[in-house]
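Have a look at the structure below, then the notes.
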Number of protein chains: 2
Amino acid sequence: MAEKSKLWYLENFNLFKGLNSEKLEHLNKITNMKDIGKNQPIYFAKEPSNSIFFLKKGRIKLTRTSNDGKEMILGLINPGELFGEMSIYEENERTDFALAMEPALICAINKEEFKKFITENTELNLKLTRLIGLRIKKYTERIEELVFKDAAQRIISFMIRLADDNGKQLGSDVFVKPFLKHQDIANLTACSRQTVNSVLTDLREKNIIDFDRRKLVIKDKDSLLKFIS
Amino acid sequence: MAEKSKLWYLENFNLFKGLNSEKLEHLNKITNMKDIGKNQPIYFAKEPSNSIFFLKKGRIKLTRTSNDGKEMILGLINPGELFGEMSIYEENERTDFALAMEPALICAINKEEFKKFITENTELNLKLTRLIGLRIKKYTERIEELVFKDAAQRIISFMIRLADDNGKQLGSDVFVKPFLKHQDIANLTACSRQTVNSVLTDLREKNIIDFDRRKLVIKDKDSLLKFIS
DNA sequence: TCCTATCTGTCTAACATCCGACAATCTTTT
DNA sequence: AAAAGATTGTCGGATGTTAGACAGATAGGA
């Protein structure tokens, strides 16, 4: 990878927008671009956490596994987003597991280097603080959803968020591509694969959504919103 | 309330330990002690968030309410702990609701004043950052629990945490006093009051715990731990 | 002190969701 | 192009949890 393009990448991460070229150059020196293959791990749980990451290309899922082998997905990471940032706050090892869902390009920064860089760039500190606030908000909302909503409502909420984050408006429809496999949706919404399937096919029969392995189309968002009232 | 005792209170909050008397005096000037009656609110959801709080005495529950009136408890606050601190991170209104479970004594600090105080005391900043990291960890563990564990396991995990936080070792038993009413335990563990009751009485029959309205006694922690394996 | 609220304990029926099973379809590898 | 593997679709039975109902116990206010 040419150094020039790496610099360009850095500049395009939300977090780094507005930094001057001197600072970007310094950031460039302490970062490391890396290609990750499909289904390859980026880090493991219980691994000492020395780095934080930015995603340039691909999709990452952050997961946790129960004692008896069940998987839950804590969150999905899209290009331009930071992940693994908990290593700034936790002393020891990571508690989750990051996996590339498709071929990905990531940018790694050493935790200590990044900490130092932050203290020298207080405007970054503010952005980071805001980001952490958003994370907490997201997690508490997730808890709320698990407590108050049933499986169908959780799946529908997930689709709406997915469409908001990754969808393209096309006429009156919203396209999301790629979609996720049912098992992943199940692991995100805390229900079984079969329940995901039956909810999705039911909504398709009602002409509210359409989907196949690779795409999701939301044809009638208003009806979806009614379900989660 | 005499000013002298208030200063003494401040000194005893974990977060402020180690501050010199000049800084404590300044803190004293920007804080406000307040008595709160049983079942009285401290702040409401959707209220502009101008203050953060420290709890000196009593117990606080942080709750959220669903559209159809069901309550969930996001967390309990014990004396010495900070709460409402999300107002530092979120711009707008609060998303939850704080209620005194028993007569309480709290200490309020204006958000902006506190922010200023932090920037002038960087060692505090570090402590606060660590605290936020712990909050995130706690929330993600809660999500994990909701996804992986059944109702009985969640209730048992809750009792163990309660005993760790508020229990007193007495011989081979751990006493927790006061206990919570079953409905509150239900709202903390995402299940119904009836389920809480049946799990508790079942454990009592097996001589693993004992309880009544005011206390919980853990008589056989090992057996409890086996349930959550 | 009595009276009223609230909380606990215990049923049973209804319900949501899971789980195993298996065929059909699509994807990847050889 | 064939074979192996992964994903989707669809059953029906098993299971955990809820919700309603109501009696008895306890706490708090008049």
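Both backbone and side-chain heavy atoms feed into the values below; hydrogens, waters and symmetry mates do not. In what follows, chains carry the letters A, B, and so on, assigned in the order in which the sequence lines appear, proteins first and then strands, with residues in each chain numbered from 1.
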Please report the shortest heavy-atom distance between B:A163 and B:V176, naming the atom on each side. CA-CG2, 3.8 Å

Whole-Å gap separating P (D:dA19) and NE2 (B:H182): 18 Å

Between C:dG9 and B:R193, is there an OP1 or OP2 to side-chain N/O distance shorter than 4.0 Å? no

Starting at CD1 of A:I185 and ending at P of D:dG9, how long is that distance when rounded to a whole Å? 10 Å

Whole-Å distance, B:K215 NZ to C:dT8 P, equals 13 Å

Under-3.5 Å donor-acceptor pair between A:Q194 side chain and D:dG12 base: no

Distance-only donor-acceptor test, B:R204 side-chain atoms vs C:dG9 base atoms, 3.5 Å: no

B:D202 atom CG is separated from C:dT8 atom P, nearest whole Å, by 18 Å

From A:N187, A:D96, A:T95, residue fulfilling side-chain hydrogen bond (donor to acceptor under 3.5 Å, both in side chains) relative to A:R64: A:T95

Between A:F54 and A:F16, is the ring centroid distance below 6.0 Å? yes

Return the value, rounded to whole Å, for the distance between atom CG of A:N187 and atom P of D:dT7. 11 Å

Nucleotide paired to D:dT26 in any strand shown, Watson-Crick or G-U, under 3.5 Å: none

How would you label the contact of A:R154 with the nucleic acid (heavy atoms, under 4.0 Å): base, sugar-phosphate, or nothing? nothing

Any side-chain N or O of B:T195 less than 4.0 Å from the OP1 or OP2 oxygen of D:dT18? yes

Indicate, with a heavy-atom threshold strictly under 4.0 Å, whether B:D150 touches base, sugar-phosphate, or nothing. sugar-phosphate

Round to a whole Å and report the spacing from CE of A:M101 to C1' of D:dT7. 14 Å

Think A:S192 has a side-chain N or O under 4.0 angstrom from the OP1 or OP2 of C:dC19? no

Does A:N197 make a side-chain N or O approach to OP1 or OP2 of D:dT8 shorter than 4.0 Å? no

With no angle test and no hydrogens, is the base of D:dT7 tied to the side chain of A:R213 by a donor-acceptor pair under 3.5 Å? yes

Is it true that the NZ or CZ of B:R130 lies under 6.0 Å from the centre of A:Y89's six-membered ring and within 45 degrees of the ring axis? no

Could you tell me the separation between the CD atom of A:Q183 and the P atom of C:dC18, rounded to a whole number of Å? 11 Å

CG of B:N39 versus C1' of D:dG28: gap in Å, rounded? 12 Å

Give B:F179 one of three labels, base, sugar-phosphate or nothing, depending on what nucleic acid heavy atoms sit under 4.0 Å from its own. nothing

With both distances under 3.5 angstrom, what nucleotide forms a Watson-Crick or G-U wobble pair with C:dA5? none

Residue pair A:K38/B:T201 against DNA chain C: nearer the 5' end by closest nucleotide is B:T201

Does the distance from a Lys or Arg side-chain N to an Asp or Glu carboxylate O, for A:R59 and A:E102, drop under 4.0 Å? yes

